[in-house]
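Report on the following structure.
Position 1 is the first residue of the sequence, and the numbers go up from there.
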Amino acid sequence: AVFGQVDDVMANMEIEAHADRSTVLPAGFERRLVNVSNTLLTWIDEPEMPPELPDRLALLRQHRQAQLEAHRVDRAEMATRLVRYLHRAEHDTYDAFLNGVESYRDSGGYVDWARTVLYHGEGNNKVGQVYGRILEAVAAARHQQNRSFAEHLAQLTKQDAAAPSGVIFVEDIVDRVIAKVGVPVVVVVLDGMSHAVFYELMDSFGAGWSLYDDDNGRFSLTGVATIPSRTSVSRGSLLSGHLTETRGAGEKKSFSSALKVAGQEMPAVFHKADLTTSGGAALSKPVMDAMVPDARIVCAVVNAIDDDLD
């Protein structure tokens with residue numbers, strides 16, 4: 001309440017422009033946020049990053065309000081990444097299908113993650129307008145990339161060509177990855193997963209998790225979904241081991257058949273309704289029974305991401 005009164009006094013005295021000097025007043029936080037966004041707005045049209053931007057971001061993080069509204073600080077940092085991306089040459093077009101896959105894996109997924117964060121909105125209208133301008137510019141750049149990638153994908157599909165080295169089509173994952181793992185494995189299919197969502201989730205992974213990568217710490221295989229990428233086609237093809245359209249009971253039967261062809265035993269497959277007890281607070285008994293030491297393959301389909309998209 002006291003801070004609010006001070007903000008009102010500053011407004012009445014028309015000295016809000018100096019509020020950024022305060023490390024505790026809410027008005028100071030808002031002013032620092034505006035300073036960052038104004039600098040980003042300048043950078044959109046300038047090839048070099050304004051030299052004051054790092055200091056302004058640091059001042060934003062140092063404000064007391066930054067701990068209470070960390071999501072707004074994160075949003076400012078994501079906006080900074082997006083403007084930096086706009087000035088990189090690689091966002092134009094792709095030379096080949098593989099180039100597009102690698103570019104999206106290494107940077108495009110992060111770009112779309114940042115876009116999603118900015119899409120959540122901003123309470124400060126001045127800052128929100130700048131974020132809107134950034135999103136428009138990035139959307140135009142991504143449209144160019146999407147068109148370029150689609151052209152290469154169409155050509156690859158027309159030629160019925162195999163996936164390039166380092167790329168795996170979704171319908172080949174059962175045979176080339178799941179069936180080849182030499183230890184018991186739990187396959188968790190996150191419906192609606194994208195690189196953008198994955199990079200966000202990766203930050204929350206704790207000890208014991210590691211990427212399926214090569215000796216250089218890079219993804220050894222990057223999966224490519226079907227077109228159309230809707231559940232019945234893309235997920236259905238993943239679990240069936242070939243291009244098809246199916247879901248539910250059809251997926252369970254197809255997944256078992258695909259692994260049988262690959263020389264594996266009958267797997268346990270659980271969809272959303274199978275996973276938890278009626279209250280949703282614990283794993284169901286069939287799932288717990290399947291998670292035994294000698295179980296070879298257990299597959300669980302989780303719809304949390306897809307449900308959020310809906």
Side-chain angles (χ1 to χ4, degrees), residues 97-98 100-101 104-105 108-109 112 116 142-143 145-164 166-181 185-198 201 212 219 221-276 284 286-287 290 296-310:
F97 175 78
L98 180 58
V101 171
Y104 191 78
R105 176 197 65 199
D112 283 349
T116 300
R142 291 289 290 118
H143 180 71
Q145 287 183 318
N146 290 339
R147 177 178 291 277
S148 176
F149 182 75
E151 291 172 350
H152 290 299
L153 177 61
Q155 184 178 8
L156 189 78
T157 303
K158 185 177 181 179
Q159 296 171 349
D160 196 23
V167 176
I168 185 169
F169 294 145
V170 69
E171 66 269 21
D172 297 325
I173 291 177
V174 167
D175 181 56
R176 291 179 54 191
V177 179
I178 298 174
K180 296 295 191 294
V181 177
V185 59
V186 176
V187 181
V188 181
V189 180
L190 299 177
D191 213 8
M193 174 64 81
S194 66
H195 272 81
V197 175
F198 169 71
L201 290 177
Y212 186 78
F219 296 109
L221 286 174
T222 302
V224 176
T226 62
I227 300 294
S229 60
R230 64 175 180 265
T231 296
S232 59
V233 179
S234 202
R235 192 180 79 190
S237 297
L238 162 66
L239 295 178
S240 300
H242 62 272
L243 289 174
T244 188
E245 182 168 9
T246 185
R247 60 190 308 166
E251 287 178 328
K252 293 183 178 182
K253 181 178 179 180
S254 296
F255 187 60
S256 298
S257 299
L259 286 170
K260 184 176 181 180
V261 170
Q264 297 296 334
E265 63 187 57
M266 184 73 70
V269 183
F270 301 97
H271 282 80
K272 179 179 179 179
D274 309 320
L275 292 175
T276 61
S284 66
V287 173
R296 178 66 183 85
I297 296 175
V298 177
C299 176
V301 178
V302 180
N303 294 82
I305 298 171
D306 197 40
D307 290 345
D308 185 61
L309 292 175
D310 292 339

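Put simply, the side chain of I168 reaches to within 4.5 Å of the side chain of I173, judged on heavy atoms. Inter-residue side-chain proximity for L190 and V188 is flagged as met; some heavy-atom pair is nearer than 4.5 Å. Using a 4.5 Å heavy-atom cutoff, the side chains of C299 and L239 are in contact. Under the 4.5 Å side-chain criterion, counting only non-hydrogen atoms from C-beta, N303 is not in contact with H271. A 4.5 Å side-chain heavy-atom check between P286 and F270 finds at least one atom pair inside the cut-off. At a threshold of 4.5 Å between non-hydrogen side-chain atoms, the residues V167 and V224 count as touching.
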Does the pair L221 and V177 meet the rule for a side chain to side chain contact (heavy atoms under 4.5 Å, CB included), with working shown?
-> CA-CA 9 Å; L221 286 174; V177 179; 3.9 Å; yes
Decide yes or no on side chain to side chain contact (heavy atoms under 4.5 Å, CB included) for K180 and D175, but give the supporting numbers first.
-> CA-CA 7 Å; K180 296 295 191 294; D175 181 56; 3.8 Å; yes
Passes side chain to side chain contact (heavy atoms under 4.5 Å, CB included), R147 versus H143? Steps please.
-> CA-CA 6 Å; R147 177 178 291 277; H143 180 71; 4.1 Å; yes
Should H195 and T222 be marked as a side chain to side chain contact (heavy atoms under 4.5 Å, CB included) after you check the CA-CA gap, both sets of side-chain angles, and the distance that decides it?
-> CA-CA 10 Å; H195 272 81; T222 302; 4.0 Å; yes
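Atom CG of L243 is separated from atom CD of E171 by 4.0 Å, given to the nearest 0.5 angstrom. Rounded to the nearest 0.5 angstrom, I297 CD1 and S256 OG are separated by 9.5 Å.
Contact between S240 and S254 at its shortest, heavy atoms only, is OG-CB, 3.0 Å. The two residues R142 and Y104 come nearest to each other via the heavy atoms NH2-CE1, 3.1 Å. Summarising the geometry of S229 relative to S234, their closest heavy-atom pair is O-CB, 3.7 Å, with the distance given to 0.1 Å. Residue G236 comes nearest to T244 through the heavy atom pair O-CG2, 3.8 Å, listed as atom of the first residue, atom of the second, then distance. Minimum heavy-atom separation, V298 to A290: CG2-O, 3.7 Å. Of all heavy-atom pairs spanning D274 and V287, the tightest one is O-CG2, 3.6 Å.
Side chains of S232 and E245: a donor-acceptor N/O pair is present below 3.5 angstrom, by distance only.
A salt bridge does not link D191 with R247: none of the charged nitrogens is closer than 4.0 Å to a carboxylate oxygen.
Under the side chain to side chain contact (heavy atoms under 4.5 Å, CB included) test applied with R235, the options V301, V170, T246, T226 reduce to a single match, V301.
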